[in-house]
Engineer: 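Here it is: the structure, laid out below.
The chains referred to below are lettered A, B, ... by the order of the sequence lines, with proteins before strands, and numbering in each begins at 1.
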Amino acid sequence: MAQFWKPGTEKPRLVDDEEGGVLFFSGGFSSSSSSSGYGYASIEKQRQRLPVYKYRTAILYLVETHATTIIVGETGSGKTTQIPQFLKEAGWASGGRLIACTQPRRLAVQAVAARVAEEMGVKLGEEVGYTIRFEDVTKPDVTVLKFLTDGVLLREMMDDPLLTKYSVIMVDEAHERSISTDILLGLLKKVQKRRPELRLIISSATIEAKAMSDFFGKRKKRRELENEENGIQLEPAILSVEGRGFNVQINYVEEPVQDYVQAAVSTVLLIHEREPPGDILVFLTGQDDIDAAVQLIADEVQTSKKHSPGLVVLPLYSGLPRAEQELVFSPTPRGKRKVIISTNIAETSLTLEGIVYVVDSGFSKQKFYNPITDVENLVVAPISKASAKQRAGRAGRVRPGKCYRLYAEEYFLNHMSNEAIPEIQRSNLVSCIIHLKALGIDNILGFDWPASPSPEAMIRALEVLYSLGVLDDDAKLTSPTGFQVAEIPLDPMISKMIIASNQFGCSEEIITVAAVLSIQSIWISGRGIQKESDEAKLRFGDHVTFLNVYKGFLQSGKSSQWCHKNYVNYHAMRKVLEVREQLKRIAQRIGIVLKSCESDMQVVRKAVTAGFFANTCRLEEYSHNGMYKTIRGSQEVYIHPSSVLFRVNPKWIIYNSLVSTDRQYMRNVISIDPSWLLEAAPHFYLLQQSNPLH
DNA sequence: GAGCACTGC
């Protein structure tokens, strides 16, 4: 086996030339694999069989000589588990330095860390560790390979902006272009200017390599020359590593389909009739589509005898109860064919074994943000080519498979975009901008992003932060409010509400409200307990209901039966407890006194107003259908039917968020007294041309 | 009287 030079200890001598693409260094340092004991050889053999293994030397050479290395690797190449080990073996973790590898998702972080610890024959949490929110499985001065979510690494930058303890940072799954990944990439490029010795590895599954390379390659000339003299190339290197998937035959429809749910169902039945055994994975857009398709297949099986036995149809989406989600992993009964009808969750977040056929509707639900109205919408939109490829690849994991695309080849070739629009260009930017401000990046409009958000979105975010008193006239963080808000890992409006609760003496209650609001929903299915709640609870709004649920949950001894009886999601409540603990710690750190207001709900509502004053709505005097108008934009909005204030229709209310379907619905509303608005945000309400508060 | 693509700190 080749021996590797320990970076930073002695200059290497080149033995081979560049022609062959593989270079060896001579030198007396042995590789420092710490694996030992039984089973080591077989694990080592498995490692050597991974496609990425033959690129070991090339990767280490590129990382040594280039500030940034971009690795394009398809699924199954082994890049995520192997490259960090290569780096460690080559000495990048010597001298108290760490190697980091980031992932967009928590589950992936845990899984990869566990796998790497196993391969290295070490206990998880020692040399190999991981950090995700609520869980730090690392040991200072012992852990050298650290896996973490990109969000956690961003948070770490608030304490150590130059990430000084890391020698190499590998950003994995960069093609997904999540908000955190994009911010991280922008910041890492800046860090490189101050720390030329830092190495970056950007790992991506797709074509985007060129755009990424342009991003990291585009620099001011003078710096480039300085560093070229140090022997480090600033122009990124690109290396492709093949995957280990099987061939997937692609089929297209000849004519565009009218109804993709119906078309998907017909295709499933056709596959079942004509194709050899193998499970089917269908990509639709959401719960509605999926439930409809499941029903249609069930109807078909019932009416026509020929399909009868043999089809096991399972829906899959994140809103499904845990137990039902897990059904998709159960082995297919002998003689049966499993059909999984799924959202995008099966495209990225989880891997299903045994899929041979994929049916791709060509659509998914995507978030879009309108900076003019400040509303985020979820809409069904065509997917990208990269997404289509990823979906098709799900058919080739165990043997050659087939993919049926419910769109024409002409459409795929000529009209489908190459990649999805990065999330940062489809989102509200308040959290992201306050984060950059906290890291001392003053010129937000001039920040070098991998993909720049629209100026409108940035200006809107700056306006909101200014109105919250988080930024001052010079767009600098205010002290202490701005710095406090930046410390809290929540939407700035929620953070502001928490900070305001300090002066109202209701921080205990508001922290509970904040924890509940940061969870998707605490209710099981749509039906909440509102029907059983008494008049007193009905009077003020959903936030007060949350406090009652939390109190009831604690009084029941955190019982799952209690949750079940009250239509409350037990897992969600466990999460509320976890978030609440974290918020309590942070609140105390930034000087908030934990205090309960007992049953005085007026101060709770005032604290909510202090954060969410911009979401104030007034009932239209003569509307008989419960129509409200927003104070800021005079938009027509309605109270969501799941709210305790539905049909109660108080004159003045504040909402937490808008969901738009056929109408704009306000979710989680609370009634207020309009006089509180002037107290909470005089600048916001007094400066309006005609004062709407009459 | 409606409904939540997917993540994350």
Engineer: Just compare B:dA2, B:dC9, B:dT7 and give me whichever is closest to any side-chain atom of A:Ile132.
Structural biologist: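 Closest nucleotide among those given: B:dC9.
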
Engineer: What's the closest nucleotide to the side chain of A:Pro489 if the choices are B:dC9, B:dG1, B:dC4?
Structural biologist: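 Of B:dC9, B:dG1, B:dC4, B:dC9 is nearest to the side chain of A:Pro489.
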
Engineer: Picking from B:dC6, B:dC4, B:dA2, which would you name as closest to the side chain of A:Ser642?
Structural biologist: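 In terms of side-chain proximity for A:Ser642, the closest of B:dC6, B:dC4, B:dA2 is B:dA2.
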
Engineer: So which pairs with a foot in residues 175-185 of chain A pass side-chain hydrogen bond (donor to acceptor under 3.5 Å, both in side chains), sequence neighbours left out?
Structural biologist: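 Output for this query lists A:Arg105-A:Glu176, A:Asp150-A:Thr181, A:Arg177-A:Asp182, A:Arg177-A:Glu208, A:Ser178-A:Thr181.
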
Engineer: When the nearest nucleotide of DNA chain B is assigned to A:Gln582 and to A:Leu316 on a heavy-atom basis, which residue is associated with the more 5' position?
Structural biologist: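 Comparing both residues, the 5'-ward one is A:Leu316.
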
Engineer: What pairs with A:Gln103 under side-chain hydrogen bond (donor to acceptor under 3.5 Å, both in side chains), at least two apart in sequence or on another chain?
Structural biologist: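 Expected list: A:Asp172.
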
Engineer: For A:Ile290 and B:dC6, what is the distance between atoms CD1 and C1' respectively, to the nearest whole Å?
Structural biologist: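 Those two atoms, CD1 and C1', are 12 Å apart.
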
Engineer: Does A:Thr285 offer a backbone N or O that forms a donor-acceptor pair with the side chain of A:Thr343 under 3.5 Å?
Structural biologist: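 It does not hold such a pair.
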
Engineer: Not counting sequence neighbours, which residues clear side-chain hydrogen bond (donor to acceptor under 3.5 Å, both in side chains) with A:His435? List them please.
Structural biologist: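 For A:His435, no residue satisfies side-chain hydrogen bond (donor to acceptor under 3.5 Å, both in side chains) once neighbours in sequence are set aside.
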
Engineer: What does A:Gln366 touch in the nucleic acid at a heavy-atom separation under 4.0 angstrom: a base, only the sugar-phosphate, or nothing?
Structural biologist: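 No contact.
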
Engineer: Round to a whole Å and report the spacing from CG of A:Asp172 to P of B:dT7.
Structural biologist: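 Result: 17 Å.
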
Engineer: Counting heavy atoms from C-beta on, name the nucleotide in B:dC4, B:dG8, B:dG1 closest to the side chain of A:Arg105.
Structural biologist: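 The listed nucleotide nearest to A:Arg105's side chain is B:dG8.
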
Engineer: Specify the separation, in whole Å, of atom OH of A:Tyr369 and atom C1' of B:dC6.
Structural biologist: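 Rounded to whole Å, this separation is 20 Å.
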
Engineer: For DNA chain B, find the residues of residues 149-165 of chain A with a heavy-atom distance under 4.0 Å and give them by number; none if there aren't any.
Structural biologist: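 Those residues are A:Thr149, A:Gly151, A:Val152, A:Arg155.
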
Engineer: What is the nucleic acid contact for A:Tyr317, judged by heavy atoms within less than 4.0 Å: base, sugar-phosphate only, or nothing?
Structural biologist: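 Since only primed, P, OP1 and OP2 atoms lie under 4.0 Å of A:Tyr317, the category is sugar-phosphate.
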
Engineer: What is the separation between atom CG on A:Asp182 and atom P on B:dC9, rounded to the nearest whole Å?
Structural biologist: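 Result: 17 Å.
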
Engineer: Measure CZ/A:Arg106 against C1'/B:dC9 and give the value in whole Å, please.
Structural biologist: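 Rounded to whole Å, this separation is 10 Å.
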
Engineer: Mind calculating the distance between CD1 (A:Ile434) and C1' (B:dC9) to the nearest angstrom?
Structural biologist: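 Nearest whole value for this atom pair: 13 Å.
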
Engineer: Does A:Ser318 make a side-chain N or O approach to OP1 or OP2 of B:dC6 shorter than 4.0 Å?
Structural biologist: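 Answer is yes, contact under 4.0 Å.
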
Engineer: The criterion is salt bridge (Lys or Arg N to Asp or Glu O under 4.0 Å); which residues satisfy it with A:Lys139, sequence neighbours excluded?
Structural biologist: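 For A:Lys139 the salt bridge (Lys or Arg N to Asp or Glu O under 4.0 Å) partners, ignoring immediate neighbours, are A:Glu126.
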
Engineer: Could you tell me the separation between the CG atom of A:Leu378 and the P atom of B:dA2, rounded to a whole number of Å?
Structural biologist: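 Atom-to-atom, A:Leu378 to B:dA2, this comes out as 18 Å.
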
Engineer: What nucleotide, of B:dT7, B:dA2, B:dA5, holds the atom closest to the side chain of A:Pro641?
Structural biologist: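 Of B:dT7, B:dA2, B:dA5, B:dA2 is nearest to the side chain of A:Pro641.
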
Engineer: Taking side-chain hydrogen bond (donor to acceptor under 3.5 Å, both in side chains) as the test, write out the residues that go with A:Asn428, two or more places apart.
Structural biologist: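 In terms of side-chain hydrogen bond (donor to acceptor under 3.5 Å, both in side chains), with neighbours along the sequence ignored, A:Asn428 is linked to A:Asp374.
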
Engineer: For A:Lys367, does its backbone N or O pair with a side-chain atom of A:Arg426 as donor and acceptor, under 3.5 Å?
Structural biologist: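 Yes, A:Arg426 side chain to A:Lys367 backbone: donor-acceptor pair under 3.5 Å.
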
Engineer: OP1 or OP2 of B:dC6 less than 4.0 angstrom from a side-chain nitrogen or oxygen of A:Thr343, does that happen here?
Structural biologist: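 Yes.
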
Engineer: In a check of side chain to side chain contact (heavy atoms under 4.5 Å, CB included) between A:Leu471 and each of A:Thr481, A:Thr478, A:Leu462, which one passes?
Structural biologist: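 The side chain to side chain contact (heavy atoms under 4.5 Å, CB included) with A:Leu471 is passed solely by A:Leu462 among A:Thr481, A:Thr478, A:Leu462.
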
Engineer: In whole Å, I'd like the distance from the CG atom of A:Asp360 to the C1' atom of B:dA5.
Structural biologist: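 Going from A:Asp360 (CG) to B:dA5 (C1'), I get 15 Å.
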
